[in-house]
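Atoms within a ligand are numbered from 1 in the order they appear, just like the ligands themselves.
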Amino acid sequence: MKPRFISVEGLEGAGKTTQLQVVTDFVTAHYGPPRVTREPGGTPLAEDIRSVILSPRTEPMDAWTELLLVFAARKQHVATVIQPALASGQWVVSDRFTDATYAYQGGGRQLPWEHIQALEELVLDGFQPDLTLWLDCPAELGLQRARQRGALDRIELEDIAFFERCRKAYEKRAQAAPQRFVRIDASRSLEEVSAQVRQTLEQQL
Ligand code: TMP
C-alpha cells in the first residue's frame, strides 16, 4: 500500500499533542512506525527558522516576512524529510502543514488567500496531505488551555480576534476539501476526541 501523509491541525490548546500520539499509535499498529514531524520545523534548518518565527521580539515582523519564512521552512522539510520518507515507503504524521498557513497568515494576518495559493503552487507543486484531522474548538477554550502551559510564543501573544479568524479560515479549508479535511470536535472529553480520531482513521485509511 502507498504510504500516506497525515497532518493534524488546530488552534493552540486544541489537544494536538495528545491526538498526534493517537494517530501515531494507529499508524504504527496498521502500517509500521511513521515519521512523526512538525511545522514550522522538522529539520535542523527548519527548526532554526521556527525559532525566528516564534521568538517574541521587539521589532514587529511583517506579515509577508512571516509567510515567506513558514514556506522557506516547509520547502526544506518537504524536500529533505517528508518526500524521502514517503519515497522509502514510510508513513508521515505531521503536527501542522500548509493549512496552518491559510489559517494563521491567511485568516489571522489577513493576507490574500490567492497569494498563499500561488506560493503553495510555486513551492510545493500541488503536494499536500492525504488526510488532515482538524481539532476544532472555540478560540477562547484553546487559548485558556495554552496559557496554562506557561510562557507564550510570539503568535500565542495575539488577541482572541486573531484566533477567531484562524478558526474561520480552517472552516473554509474544511469546506473546500471535505474528503481530505475532517473536522473533529475537540471541545469534548479527551476520550471522546480520541475515539473520533480513531474512527476517522479507520474510515479514511
Ligand atoms: P505549535 O506547533 O506549537 O502549535 O506552534 C506553531 C505556531 O506556528 C502556531 O502558533 C501556528 C504557527 N504557524 C503559522 O503561523 N503558520 C504556519 O504555516 C505554521 C505551520 C504554523
Side-chain angles (χ1 to χ4, degrees), residues 5-21 23-24 36-43 45-57 60-79 81-82 92-113 115-124 127-129 132-137 139-170 172-173 181 184 186:
F5 171 29
I6 303 170
S7 64
V8 178
E9 296 282 352
L11 298 183
E12 2 287 290
K16 278 191 294 113
T17 310
T18 310
Q19 297 312 321
L20 272 163
Q21 193 57 51
V23 176
T24 302
V36 182
T37 187
R38 70 168 179 182
E39 290 218 339
T43 88
L45 193 162
E47 289 288 328
D48 284 353
I49 300 175
R50 178 189 177 93
S51 41
V52 172
I53 296 168
L54 295 181
S55 306
R57 59 182 68 240
M61 187 182 289
D62 181 85
W64 279 95
T65 306
E66 189 177 270
L67 174 68
L68 293 169
L69 284 171
V70 295
F71 267 108
R74 179 163 304 129
K75 182 65 191 183
Q76 184 69 14
H77 187 211
V78 168
V81 172
I82 300 181
V92 176
V93 177
S94 185
D95 181 346
R96 301 190 185 281
F97 199 63
T98 311
D99 296 297
T101 308
Y102 284 95
Y104 286 79
Q105 282 67 48
R109 301 282 184 230
Q110 300 177 285
L111 289 178
W113 207 254
H115 290 346
I116 301 176
Q117 273 166 338
L119 207 48
E120 180 185 19
E121 196 50 44
L122 191 68
V123 174
L124 299 182
F127 180 74
Q128 59 174 20
T132 298
L133 301 174
W134 169 36
L135 303 173
D136 180 38
C137 72
E140 190 73 64
L141 176 64
L143 276 187
Q144 252 171 33
R145 290 177 183 161
R147 284 184 187 128
Q148 282 162 9
R149 288 197 299 239
L152 300 177
D153 65 35
R154 197 178 55 82
I155 292 179
E156 286 166 345
L157 289 165
E158 292 295 334
D159 61 13
I160 187 82
F162 175 92
F163 294 100
E164 275 160 4
R165 288 197 301 276
C166 295
R167 187 184 185 199
K168 282 215 178 78
Y170 273 133
K172 195 169 155 187
R173 294 295 284 166
F181 203 107
I184 310 276

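Every residue meeting the ring pair (Phe, Tyr, Trp, His ring centres under 6.0 Å) condition with F5, not counting sequence neighbours, appears here in chain and number order: F97, F127. The side-chain contact (heavy atoms from CB on, under 4.5 Å) check on L68 picks up L119, with sequence neighbours excluded. For T101, the side-chain hydrogen bond (donor to acceptor under 3.5 Å, both in side chains) partners are R74, not counting sequence neighbours.
A perpendicular orientation is assigned to the rings of Y170 and Y104, their planes being inclined by more than 60° (bins at 30° and 60°).
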Pick out the protein N or O atoms lying less than 3.5 Å from any N or O of ligand 1, and list each pair with its distance.
{"residue": "ligand 1", "atom": "2 (O)", "partner": "R96", "partner atom": "NE", "Å": "3.4"}
{"residue": "ligand 1", "atom": "3 (O)", "partner": "R50", "partner atom": "NH2", "Å": "3.3"}
{"residue": "ligand 1", "atom": "4 (O)", "partner": "K16", "partner atom": "NZ", "Å": "3.2"}
{"residue": "ligand 1", "atom": "4 (O)", "partner": "R96", "partner atom": "NE", "Å": "3.1"}
{"residue": "ligand 1", "atom": "4 (O)", "partner": "R96", "partner atom": "NH2", "Å": "2.9"}
{"residue": "ligand 1", "atom": "10 (O)", "partner": "E12", "partner atom": "OE1", "Å": "2.8"}
{"residue": "ligand 1", "atom": "15 (O)", "partner": "Q105", "partner atom": "NE2", "Å": "2.9"}
{"residue": "ligand 1", "atom": "16 (N)", "partner": "Q105", "partner atom": "OE1", "Å": "2.8"}
{"residue": "ligand 1", "atom": "18 (O)", "partner": "R74", "partner atom": "NH2", "Å": "3.0"}
{"residue": "ligand 1", "atom": "18 (O)", "partner": "T101", "partner atom": "N", "Å": "3.4"}
{"residue": "ligand 1", "atom": "18 (O)", "partner": "T101", "partner atom": "OG1", "Å": "2.6"}

Run R154 and E66 through side-chain contact (heavy atoms from CB on, under 4.5 Å) and show every step you take. CA-CA 11 Å; R154 197 178 55 82; E66 189 177 270; 2.6 Å; yes
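Looking at every heavy atom in both residues, L152 comes nearest to P56 through O-CG, 4.0 Å.
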